[in-house]
S.K.: 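My questions all concern the structure below.
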Amino acid sequence: MFMQLGFGAVLIVLAMLLLSAFRILREYERGVVFQLGRFWQVKGPGLILLIPVIQQMVRVDLRTVVLDVPPQDVITRDNVSVKVNAVLYFRVLDPQKAIIQVEDFLVATSQLAQTTLRAVLGKHELDELLAEREQLNADIRQVLDAQTDAWGIKVANVEIKHVDLNESMIRAIARQAEAERERRAKVIHAEGELQASEKLMQAAQMLGKEPGAMQLRYMQTLGAIAGDRTSTIVFPMPVDLLTGLVDKQK
């Protein structure tokens with residue numbers, strides 16, 4: 001009886017070992033297989049067979065990972081303190097490097113993204129940080145991609161989500177924007193006055209070439225103001241208009 005129980009236990013153990021030898025990997029998964037502690041090969045996807053006890057497998061997800069970079073205190077080149085957070089998109093291209101070259105590639109990539117965010121943004125002024133986000137995103141992505149290449153990781157994109165400023169800096173930026181708008185308004189007004197003076201000078205030159213043109217202009221002005229009958233208008237009569245009448249009477 002004891003022999004039957006022992007034989008049954010052995011069969012159960014063998015069945016469990018046989019079942020543990022079969023693994024199923026999804027389409028987006030790969031298995032890094034180690035044999036007696038040494039790297040053997042990368043397997044998957046689909047059904048794979050492992051030698052129990054001798055071989056071990058580590059699953060690696062190849063889908064794009066969206067990593068939220070927590071807010072970082074950044075001091076810009078013009079000595080302005082801001083809080084900046086970002087989002088990082090990356091994926092594993094080489095499962096072997098991602099498992100062997102770094103202990104935890106998710107944690108390592110997160111820490112590297114935080115330090116790179118502070119280092120890159122600290123080289124720029126506040127105006128550049130607010131106005132040139134696309135260029136800054138490209139610079140951060142390039143630096144991260146170069147450093148994570150040794151881990152078999154490809155950084156697809158980096159996006160700066162939000163830049164937090166203190167209240168005093170927000171008020172200073174508002175005053176600066178208001179002063180800039182006033183400056184533009186004055187410049188536009190001055191340019192308009194300059195253009196108007198140039199056109200008036202051209203008109204005066206053209207009217208001065210033909211004496212009769214000035215008289216016609218007077219008549220047009222009289223016709224324009226004659227339509228307003230609510231007030232009495234005293235309009236100076238040019239002497240040149242009376243010269244013809246005087247000559248006829250003589």
Side-chain angles (χ1 to χ4, degrees), residues 9-74 83-123 129 133-164:
V10 171
L11 290 178
I12 292 174
V13 172
L14 291 176
M16 293 178 62
L17 291 176
L18 183 61
L19 290 176
S20 65
F22 293 97
R23 303 291 177 84
I24 296 177
L25 296 177
R26 296 180 177 91
E27 183 65 31
Y28 55 84
E29 291 181 326
R30 297 295 183 272
V32 181
V33 180
F34 295 89
Q35 183 169 299
L36 297 177
R38 297 180 62 86
F39 171 75
W40 185 43
Q41 65 178 1
V42 177
K43 288 191 173 184
L47 179 65
I48 64 174
L49 178 64
L50 298 177
I51 302 175
V53 181
I54 296 178
Q55 293 181 339
Q56 296 83 30
M57 185 188 70
V58 180
R59 293 175 182 264
V60 180
D61 196 327
L62 301 185
R63 291 176 295 180
T64 299
V65 179
V66 182
L67 182 64
D68 189 16
V69 182
Q72 301 296 310
D73 291 322
V74 178
K83 280 186 175 293
V84 182
N85 62 343
V87 60
L88 176 67
Y89 301 87
F90 69 94
R91 62 190 298 263
V92 177
L93 293 183
D94 191 338
Q96 177 184 349
K97 291 182 179 180
I99 297 300
I100 297 176
Q101 299 298 329
V102 62
E103 180 180 2
D104 189 336
F105 65 87
L106 289 174
V107 176
T109 304
S110 176
Q111 295 297 321
L112 182 61
Q114 296 177 35
T115 56
T116 304
L117 186 67
R118 293 194 298 267
V120 173
L121 298 184
K123 299 178 182 179
L129 180 60
R133 290 196 180 185
E134 293 184 1
Q135 182 61 41
L136 294 176
N137 292 335
D139 293 342
I140 297 172
R141 188 205 63 79
Q142 184 177 5
V143 173
L144 284 174
D145 191 37
Q147 298 187 21
T148 58
D149 184 64
W151 303 340
I153 294 174
K154 173 65 177 179
V155 178
N157 196 14
V158 178
E159 292 290 340
I160 297 175
K161 292 199 301 183
H162 193 64
V163 179
D164 288 328

S.K.: Working to the nearest 0.5 Å, report the span between OG1 of T64 and OH of Y28.
M.R.: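 If I round to the nearest 0.5 Å, the distance is 13.5 Å.
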
S.K.: Does atom CG of L93 have more than 12 heavy-atom neighbours from other groups under 6.0 Å away?
M.R.: yes

S.K.: Counting only heavy atoms from other residues, nucleotides and ligands, does the tally under 6.0 Å from NZ of K161 exceed 12?
M.R.: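 Counting other residues, nucleotides and ligands, NZ of K161 exceeds 12 neighbours.
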
S.K.: Please table the atom pairs, donor to acceptor, closer than 3.5 Å between any side-chain atom in residues 137-145 and protein atoms at least two apart or in another chain.
M.R.:
from	atom 1	to	atom 2	distance (Å)
N137	OD1	I160	N	3.1
N137	ND2	R133	O	3.1
N137	ND2	E159	OE1	3.2
D139	OD1	Q135	NE2	3.1
D145	OD1	V155	N	3.3
D145	OD2	K154	NZ	3.0

S.K.: Taking all atoms of both residues into account, what is the closest heavy-atom pair of P95 and L62, and its distance?
M.R.: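 Scanning both residues completely, I find the closest heavy atoms to be CG-CD2, 3.9 Å.
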
S.K.: Can you tell me how far apart CG (D104) and CH2 (W151) are? Round to the nearest 0.5 Å.
M.R.: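 If I round to the nearest 0.5 Å, the distance is 10.5 Å.
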
S.K.: Apply the test side-chain contact (heavy atoms from CB on, under 4.5 Å) to residues L129 and L136: give CA-CA distance (whole Å), side-chain angles for both, the deciding distance (0.1 Å), then the verdict.
M.R.: CA-CA 7 Å; L129 180 60; L136 294 176; 3.7 Å; yes

S.K.: Tell me the closest heavy-atom pair linking A98 and F105, and the distance in Å.
M.R.: O-CD2, 3.7 Å

S.K.: Considering residues at least two apart in sequence or located in another chain, which fulfil the side chain to side chain donor-acceptor pair (under 3.5 Å) criterion with R59?
M.R.: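 By the side chain to side chain donor-acceptor pair (under 3.5 Å) rule, R59 matches E29.
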
S.K.: Side-chain polar contacts of residues 34-50 - donor-acceptor pairs under 3.5 angstrom, sequence neighbours left out - could you list them?
M.R.:
from	atom 1	to	atom 2	distance (Å)
Q35	OE1	Q55	NE2	2.8
K43	NZ	L49	O	3.4

S.K.: Check whether any side-chain heavy atom of K83 lies under 4.5 Å from a side-chain heavy atom of D73, and answer yes or no.
M.R.: yes

S.K.: What is the distance from atom OG1 of T109 to atom CD1 of I153, rounded to the nearest 0.5 Å?
M.R.: 3.5 Å

S.K.: Using modelled atom types and a 3.5 Å cut-off, is there a donor and acceptor pairing between side-chain atoms of T116 and backbone atoms of A113?
M.R.: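 Side chain of T116 to backbone of A113, a donor-acceptor pair under 3.5 Å: no, none is there.
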
S.K.: Closest approach of P70 and N85, non-hydrogen atoms and distance?
M.R.: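 Result for this residue pair: C-CB, 4.2 Å.
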
S.K.: Would you check if L25 and M57 make a side-chain contact, meaning some heavy-atom pair closer than 4.5 Å?
M.R.: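 A side-chain contact under 4.5 Å exists here.
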
S.K.: To the nearest 0.5 Å, what is the distance between CG on D149 and NZ on K97?
M.R.: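 D149 atom CG to K97 atom NZ measures 6.0 Å (nearest 0.5 Å).
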
